[in-house]
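What follows is one structure encoded as structure tokens, with my remarks underneath.
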Amino acid sequence: VQLQAFGGGSVQAGGSLRLSCAASGRALSRYSMGWFRQSPGKEREFVASISWNLRATYYAGSVKGRFTISRDNAKNTVSLQMNSLKPEDTAVYYCAADPGAMSAIARSIEYWGQGTQVTVSS
């Protein structure tokens, strides 16, 4: 499985960005998909995930109400709409896929995409 992330960039505080991730190599219809992020000197942390059947979404407390995760199983894609961005959201964002329910622990994740940089200036 290969995960390819798109959409990072630089934005001022209060702005919006949309990240997308395309999966290839196999169908991920029974996999949760989601996003983690990592800033310098910190561990990779869970941001959001969505179940394979789109019925359940989970968010870190720090992004709840500002970020929205969605997926399109027909296209094998997952997206993260990020609104009201804050400087503390600055990080490299990683797309992830995990069988069943996604773990919030980075070392337990089965598949990773390459990171995409998000920079929020004050």
Side-chain angles (χ1 to χ4, degrees):
V1 174
Q2 291 185 329
L3 303 176
Q4 181 75 34
F6 306 90
S10 296
V11 66
Q12 289 191 329
S16 299
L17 283 173
R18 185 177 179 86
L19 305 182
S20 294
C21 175
S24 61
R26 65 168 291 176
L28 296 177
S29 58
R30 288 294 189 269
Y31 278 64
S32 291
M33 297 186 75
W35 297 88
F36 283 68
R37 67 187 182 187
Q38 189 169 19
S39 51
K42 295 186 178 181
E43 293 187 353
R44 194 170 296 190
E45 64 174 3
F46 172 80
V47 175
S49 68
I50 184 167
S51 62
W52 67 271
N53 58 7
L54 284 67
R55 291 178 182 173
T57 56
Y58 302 93
Y59 296 93
S62 58
V63 307
K64 199 167 186 178
R66 300 187 296 121
F67 291 11
T68 302
I69 191 169
S70 59
R71 71 186 285 174
D72 184 334
N73 285 340
K75 297 181 179 179
N76 257 0
T77 60
V78 62
S79 297
L80 186 68
Q81 178 66 41
M82 305 185 294
N83 298 329
S84 302
L85 282 161
K86 304 176 181 180
E88 50 264 45
D89 294 318
T90 295
V92 177
Y93 284 70
Y94 295 89
C95 177
D98 218 20
M102 176 163 284
S103 171
I105 302 173
R107 64 177 179 271
S108 300
I109 297 300
E110 182 165 339
Y111 295 112
W112 290 105
Q114 93 291 359
T116 185
Q117 177 71 45
V118 171
T119 302
V120 184
S121 57
S122 57

(message) I need the minimum non-hydrogen distance between S51 and S32, along with the two atoms involved.
(response) CA-OG, 3.7 Å
(request) Compare all side-chain heavy atoms of Y31 with those of Y111 and state whether any distance is below 4.5 angstrom. (result) yes
(message) Could you measure the distance from the CG atom of N76 to the OG atom of S24? Nearest 0.5 Å is fine.
(response) 8.5 Å
(request) Group every Ile, Leu, Val, Met, Phe, Trp and Tyr by side-chain heavy-atom contacts under 4.5 Å, then state whether V78 and V1 land in the same group. (result) yes
(request) Is it possible for you to say whether W112 and I69 belong to one hydrophobic cluster, with membership spreading through side-chain heavy-atom contacts below 4.5 Å? (result) no
(request) Determine yes or no for a side-chain-to-main-chain donor-acceptor pair under 3.5 angstrom, with S84 supplying the side chain and R66 the backbone. (result) no
Could you give the side-chain donor-acceptor pairs of residues 14-21 under 3.5 Å, partners two or more places apart or in another chain?
unit_1: S16; atom_1: OG; unit_2: N83; atom_2: OD1; d: 2.9
unit_1: R18; atom_1: NH1; unit_2: Q81; atom_2: OE1; d: 3.2
unit_1: S20; atom_1: OG; unit_2: S79; atom_2: OG; d: 3.3

(request) Return yes if some donor-acceptor pair links the side-chain N/O of Q114 with the main-chain N/O of A5 below 3.5 Å, else return no. (result) yes
(message) If you define the side chain from C-beta out and look only at heavy atoms, does anything of L85 sit under 4.5 Å from Q12?
(response) no
(request) Give a yes or no answer on whether the side chain of R71 reaches the backbone of G34 with a donor-acceptor pair at less than 3.5 Å. (result) no
(message) Contact between L3 and M33 at the side-chain level, heavy atoms closer than 4.5 Å - yes or no?
(response) yes
(message) Do V11 and F6 sit in one hydrophobic cluster, given that two such residues count as connected whenever their side-chain heavy atoms are within less than 4.5 Å of each other, even indirectly?
(response) no
(request) Kindly say whether G8 contributes a backbone atom to a donor-acceptor pair with the side chain of T116 at under 3.5 angstrom? (result) yes
(request) Share the residues that join I105 in a hydrophobic cluster, the rule being Ile, Leu, Val, Met, Phe, Trp or Tyr side chains under 4.5 Å apart at the heavy-atom level. (result) none
(message) Taking disulfide bond (SG atoms under 2.5 Å apart) as the cut-off, I'd like each qualifying pair that reaches into residues 25-71, sequence neighbours left out, listed once.
(response) none
Show the atom names and distances, to 0.1 Å, of all donor-acceptor pairs under 3.5 Å that link a side chain in residues 91-102 to residues at least two apart or in another chain.
unit_1: Y93; atom_1: OH; unit_2: R37; atom_2: NH1; d: 2.9
unit_1: Y93; atom_1: OH; unit_2: D89; atom_2: O; d: 2.6
unit_1: D98; atom_1: OD1; unit_2: E110; atom_2: N; d: 3.0
unit_1: D98; atom_1: OD2; unit_2: S103; atom_2: N; d: 3.3

(request) Please examine the side chains of W35 and M82, heavy atoms only from C-beta on, and report whether any two atoms are closer than 4.5 Å. (result) no
(message) Per the disulfide bond (SG atoms under 2.5 Å apart) rule, what does the pair list look like for residues 34-87, sequence neighbours excluded?
(response) none
(message) Looking at N73 and N53, would you say the former's side chain and the latter's main chain have a donor-acceptor pair under 3.5 Å?
(response) no
(request) Check whether V63 and I109 end up in the same hydrophobic cluster, where Ile, Leu, Val, Met, Phe, Trp and Tyr are linked by side-chain heavy atoms less than 4.5 Å apart. (result) no
(request) Please name all residues satisfying ring-ring contact (aromatic ring centres under 6.0 Å, His included) with F46, sequence neighbours left out, ordered by chain then number. (result) F36
